[in-house]
2 protein chains.
Amino acid sequence: MNTSSEPCPAQKLLKILSGKWKPQIFKMATHKPVRFNQLLRDLEGANKQTLATALREMVEEDILIKETVQEKPLHIEYTLSEKGKSLIGVFVTLEKLSEGDA
Amino acid sequence: MNTSSEPCPAQKLLKILSGKWKPQIFKMATHKPVRFNQLLRDLEGANKQTLATALREMVEEDILIKETVQEKPLHIEYTLSEKGKSLIGVFVTLEKLSEGDA
DNA sequence: TCAATTAGTCAAAAAAACATGACTACCATG
DNA sequence: CATGGTAGTCATGTTTTTTTGACTAATTGA
């Protein structure tokens, strides 16, 4: 009905992807499952709270899937969901466009 | 060298696209050039300051181009730049993925 | 010349995002 | 049973974003 003032459907997703650390988390998750403390160590300057929120929101948006791994040290892993995987192309496009800036 | 903690190149662009009203402005600009007061009227709840900032930042990022139209009422138009046009696909993808949520 | 429309700016307040440090709880090793 | 690693939560404080309302300034039409 109203194509202008109704919140763009892409907005929520955009917000989820643009929060602090989220692009990095996403990118790391495209390589291999990510883990909380590992992120805390790898992402210098990141803090627990923000990472926890970022991971929770990305799980809520079904970009990441949270699962407990029943192995040796018993831990939690976050892996890219199918929806998450279909966002890889978006990142590729965005990164290509960023290169052009110099 | 460091693929993990260095800020993702897509992040800046993502931030630009995800600010308040920006997705809507972008979308409206894909249909026809947008204007300040027109946005203020169409986007219910939007305020001058935020719109002005959004437009300025989108121009700075070369997503929109600002130009004065030397016509009848003499006004300013914001049109999609080439870079902006190449982002349309990103929005299409994002919207498709949002539909799936229901 | 008065009033409206154009496109904003500015200072300040409110709201949202992010950071800090303390704390919890579970499991494993020595 | 103390130490360290796992994965967080909670209260608080700072910083960034967004909102509010007043104000500016040029152009247009009656």
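Throughout, a chain's letter reflects where its sequence line sits, starting with A, and its residues are numbered from 1. All heavy atoms count here, side chains included; hydrogens, waters and symmetry mates do not.
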- Message: Whether A:Arg35 contacts D:dG8 is assessed here as follows: a side-chain N or O lying under 4.0 Å from the phosphate OP1 or OP2. Is that the case?
- Response: no
- Message: Is the phosphate of D:dA7 approached by A:Asn37 (side-chain N or O, under 4.0 Å from OP1 or OP2)?
- Response: yes
- Item | Close residues, residues 66-80 of chain A, relative to DNA chain D [heavy-atom separation under 4.0 Å] | A:Lys66, A:His75, A:Ile76, A:Tyr78
- Strand contacts (DNA chain D) in residues 45-58 of chain B, 4.0 angstrom heavy-atom criterion: B:Asn47, B:Lys48, B:Gln49, B:Thr50
In whole angstroms, how far is the [atom2] atom of [N] from the [atom1] atom of [X]?
{"X": "B:Glu44", "N": "D:dT19", "atom1": "CD", "atom2": "P", "value": "14 Å"}
{"X": "A:Trp21", "N": "D:dT16", "atom1": "CH2", "atom2": "P", "value": "14 Å"}
{"X": "B:Phe36", "N": "D:dT24", "atom1": "CZ", "atom2": "C1'", "value": "13 Å"}

Within the structure provided, determine whether [X] and [Y] are in side-chain contact (heavy-atom separation under 4.5 Å).
{"X": "B:Leu97", "Y": "A:Ser86", "value": "yes"}
{"X": "B:Lys83", "Y": "B:Leu13", "value": "yes"}
{"X": "A:Ile63", "Y": "A:Ile16", "value": "yes"}

- Going hydrophobic residue to hydrophobic residue with side-chain gaps under 4.5 angstrom, can you get from B:Leu40 over to B:Val69? no
- Between B:Ser18 and A:Gln11, is a side-chain hydrogen bond (donor to acceptor under 3.5 Å, both in side chains) present by the stated rule, with each step listed? CA-CA 7 Å; B:Ser18 74; A:Gln11 189 157 28; over 6 Å; no
- Check against side-chain contact (heavy atoms from CB on, under 4.5 Å), B:Ile65 and B:Leu80: CA-CA 6 Å; B:Ile65 292 168; B:Leu80 267 198; over 6 Å; no
- Sequence neighbours left out, what passes side chain to side chain contact (heavy atoms under 4.5 Å, CB included) with A:Leu74? Give chain and number order. A:Thr68, A:Gln70
- Task: With sequence neighbours left out, write down each residue that passes side chain to side chain contact (heavy atoms under 4.5 Å, CB included) with B:Thr53, or none if nothing qualifies.
- Result: B:Gln49, B:Arg56, B:Glu57
- Note on the structure: Only one of A:Lys12, A:Lys22, A:Lys15 passes salt bridge (Lys or Arg N to Asp or Glu O under 4.0 Å) with A:Glu61, and that residue is A:Lys12
- Quick one: which residue pairs count as a ring-ring contact (aromatic ring centres under 6.0 Å, His included) with a foot in residues 74-96 of chain A, not counting sequence neighbours? A:Phe26-A:Phe91
- Under a 4.0 Å heavy-atom criterion, DNA chain C is touched by chain B from C:dT6 to C:dA11
- Task: Verify side-chain contact (heavy atoms from CB on, under 4.5 Å) between A:Leu51 and A:Trp21, making sure each step is shown before the conclusion.
- Result: CA-CA 7 Å; A:Leu51 284 190; A:Trp21 304 117; 4.1 Å; yes
